[in-house]
Amino acid sequence: MTTDPEISLWTKTSCERVDAPPLTGPVTVDLAVIGGGYTGCSAALHAAQSGASVCLLEALEIGHGGSGRNVGLANAGLWLPPAEIRAHLGREAGDRLIALLAQAPAEVFRLIRDHAIDCEPVQAGTLHLAHSPKGLRDLQTRHQQLSADGAPVELLSAQETAGRTGSTAFHGAIFDPRAGTIQPLAFVQGLARAAQQAGAAIHASCPVQALHHDGDTWHLATPQGSVRAKALIQATNAYHAGLPDTRQDYVPVYYFQYATDPLPEDIRATLLPGGEGCWDTGLIMTSFRMDQAGRLVIGAMGDLGHAGSFVHRGWITRKLAQTYPALADQPLKDGWHGRIAMTSDHIPKLVQIGPSALSAHGYSGRGIGPGTVFGRMMADSLLSGDPARLPLPPVPEHSESWTGLRRAYFETGATLTHLVKARV
């Protein structure tokens with residue numbers, strides 16, 4: 001195994017590139033965007049397409065954060081089943097969010113087609129896999145709720161699941177045909193490139209060092225430039241740094257992945273022959289999918305950046321062999337991780353951080369579809385002055401308690417789970 005947790009496979013294989021030099025000098029725009037992930041780049045693209053002047057500022061590279069490090073599953077909805085979303089938000093707001101995010105994969109794949117984004121799109125659905133009998137009961141409840149909302153999902157038997165995955169390790173699955181897989185970094189880089197082509201100014205290696213509002217205009221300072229803007233979107237999610245006045249509360253949770261080399265064709269043909277992406281019902285969740293070159297990418301919760309990370313590496317090798325015995329001797333090459341912004345209720349948060357200024361965070365591992373949708377709708381709302389166009393009612397602030405302890409709890413739990421299971 002070769003592991004640099006800060007360099008993903010997606011960095012090595014992305015066919016999309018965007019030239020985004022740092023900002024130099026002053027600019028005045030209708031909308032300033034902080035953060036070059038799905039939310040920020042979607043906002044910049046849609047604002048520019050509407051005729052607004054836009055300046056996006058990314059502290060490092062476009063897609064440096066979770067947008068360039070995730071599994072690449074473009075799913076519909078949130079992690080929560082519909083009843084829990086409504087319990088948290090109420091019937092009206094819950095129904096609205098559920099309906100919007102049901103269409104999120106369609107929006108992602110439409111953008112890919114419209115802007116010819118070279119990101120390995122495969123809209124062949126996803127499989128939510130039951131790792132145990134208890135997991136299957138959970139899926140049965142989710143299937144009932146999703147079906148009641150009109151979602152075209154299918155509950156698969158263990159035998160049907162084995163046929164879809166090429167593995168007998170699962171007790172059943174929910175198949176969602178709306179979803180699919182993408183090369184996640186290439187998608188966000190393609191969004192940034194499309195935003196540039198629509199007229200947005202995109203600047204990487206350009207951290208925002210100071211931010212204030214003077215009663216009429218937002219002022220943003222960078223190392224070599226400055227921005228004056230009528231409206232502001234902060235889209236830094238789990239990679240928020242600095243700017244204490246706009247601090248976002250969330251629990252940072254790490255998720256790691258490893259990838260094989262491209263598999264031999266005879267083995268590759270038996271694994272996920274329909275091209276679905278997968279994740280399971282385990283408390284310490286596992287995901288896997290194939291990329292275009294035939295690599296199996298497998299991941300789970302855990303941080304590869306600490307001394308105990310060898311436990312995660314050893315466990316993922318065993319998990320691969322358990323799921324696919326034919327891959328027991330297949331070496332895992334690239335390993336990397338990224339951060340997820342978790343909220344206590346697993347509902348994304350829209351925060352009104354000032355006049356004509358919004359912040360979005362807390363996708364809890366579902367960033368591709370919701371981030372793309374939230375970015376578009378935030379830009380539309382701010383530029384039109386109509387808060388009814390937002391996906392959720394904004395709150396004046398959002399706080400989470402004991403975030404550091406809870407982050408340690410998740411990582412310790414993942415490490416102990418992987419250690420115990422490695423010895424069973």
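One is the number of the first residue; the rest follow in order along the sequence. What's counted below: heavy atoms across the whole structure, side chains too, no hydrogens, waters or symmetry copies. Small disclaimer: the values here were computed from a predicted structure and weren't measured.
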>> If you define the side chain from C-beta out and look only at heavy atoms, does anything of C41 sit under 4.5 Å from L56?
In response: yes
> Backbone N or O of P355 within a donor-acceptor pair of the W218 side chain at under 3.5 Å?
Replying inline: yes
>> Let's go through I368 and N75 carefully: what are the C-alpha distance in whole Å and the side-chain angles of both, what is the deciding distance for side-chain contact (heavy atoms from CB on, under 4.5 Å) to 0.1 Å, and is it a yes or a no?
In response: CA-CA 8 Å; I368 296 175; N75 278 302; over 6 Å; no
> If you round to the nearest 0.5 Å, how far is CD of Q140 from CZ of R137?
Replying inline: 8.5 Å
> If every non-hydrogen atom of P177 is compared with every non-hydrogen atom of V153, which pair is closest and at what distance?
Replying inline: CD-CA, 4.4 Å
> With a 4.5 Å heavy-atom cut-off, do H346 and L78 have their side chains touching?
Replying inline: no
>> Surrounding CG of D216 (heavy atoms of other residues, nucleotides or ligands, distance under 6.0 Å), is the total greater than 12?
In response: no
> Which heavy atom of W279 sits nearest a heavy atom of M285, and at what distance?
Replying inline: CD1-SD, 3.4 Å
> Can Y250 and H240 be said to form a side-chain contact (heavy atoms from CB on, under 4.5 Å), step by step?
Replying inline: CA-CA 10 Å; Y250 55 83; H240 186 73; 4.2 Å; yes
>> With a 3.5 Å distance limit and no angle check, can you tell me whether Y38 reaches the backbone of S67 through a side-chain donor-acceptor pair?
In response: yes
> Taking the inter-plane angle between the rings of Y254 and H337 on a 0 to 90° scale, is it parallel (under 30°), tilted (30 to 60°) or perpendicular (over 60°)?
Replying inline: tilted
> For atom CD of E397, is the number of surrounding heavy atoms from other residues, nucleotides or ligands below 6.0 Å larger than 12?
Replying inline: no
> Is there a donor-acceptor contact under 3.5 Å from the side chain of E160 to the main chain of S157?
Replying inline: yes
> Can you tell me how far OG1 of T141 sits from CG of L146, rounded to the nearest 0.5 angstrom?
Replying inline: 10.5 Å
> Is any side-chain heavy atom of E58 closer than 4.5 Å to a side-chain heavy atom of L60?
Replying inline: yes
> Under 4.5 Å between any side-chain heavy atoms of T286 and T323, yes or no?
Replying inline: no
> Is D95 salt-bridged to R91, cutoff N-O under 4.0 Å?
Replying inline: yes
>> What I'd like to find out is whether the side chain of I347 reaches to under 4.5 Å of the side chain of K349, using heavy atoms alone.
In response: yes
> Given H128 and R142, is the side-chain contact (heavy atoms from CB on, under 4.5 Å) satisfied, shown in steps?
Replying inline: CA-CA 10 Å; H128 192 179; R142 287 173 178 264; 4.1 Å; yes
>> As a quick check of understanding, evaluate side-chain hydrogen bond (donor to acceptor under 3.5 Å, both in side chains) for D138 and T281, giving each step before the final call.
In response: CA-CA 8 Å; D138 176 63; T281 55; 6.0 Å; no
> With no hydrogens and no angle check, is any side-chain donor or acceptor of E120 less than 3.5 Å from a backbone partner on V122?
Replying inline: no
>> Using only atom types and a distance under 3.5 Å, with no angle test, would you say the side chain of R193 pairs donor to acceptor with the backbone of D19?
In response: no
> Could you walk me through whether F256 and I316 pass the side-chain contact (heavy atoms from CB on, under 4.5 Å) check?
Replying inline: CA-CA 10 Å; F256 73 91; I316 206 72; 4.0 Å; yes
> Between atom CG of L156 and atom NE2 of H171, what is the distance when rounded to the nearest 0.5 Å?
Replying inline: 14.5 Å
>> Looking at every heavy atom in both I112 and C119, which two are closest together, and how far apart are they?
In response: CD1-SG, 3.5 Å
>> Quick check: closest heavy atoms across C206 and H203, and the distance to 0.1 Å?
In response: CB-O, 4.0 Å
> Side chains of L327 and L263: does their closest heavy-atom pair fall under 4.5 Å?
Replying inline: yes
>> Closer than 3.5 angstrom, by distance alone: can the side chain of S53 be matched with the main-chain N or O of D30 as a donor-acceptor pair?
In response: yes
>> Between F374 and Y363, is the ring centroid distance below 6.0 Å?
In response: yes
> Closest approach of A47 and A379, non-hydrogen atoms and distance?
Replying inline: CB-CB, 4.2 Å
> Is the closest basic N to carboxylate O distance between R376 and D380 below 4.0 Å?
Replying inline: no
> On the ring face of Y255, is R69 found with NZ or CZ under 6.0 Å from the centre and within 45° of the axis?
Replying inline: no
>> Is any side-chain heavy atom of W10 closer than 4.5 Å to one of V297?
In response: yes
> Hey, does the side chain of R339 reach the backbone of A238 with a donor-acceptor pair shorter than 3.5 angstrom?
Replying inline: yes
>> When you compare the side chain of R86 with that of I98, does any pair of heavy atoms fall below 4.5 Å?
In response: yes
>> Quick one: does any side-chain atom of E16 pair with a main-chain N or O of D118 as donor and acceptor, under 3.5 Å?
In response: yes
>> Quick check against the 3.5 Å criterion: does S42 have a side-chain atom that pairs as donor or acceptor with the backbone of T39?
In response: no
> Closest approach of Y239 and G66, non-hydrogen atoms and distance?
Replying inline: CE1-N, 3.2 Å
> Hey, is the main chain of V71 close enough, under 3.5 Å, to the side chain of R289 for a donor-acceptor pair?
Replying inline: yes
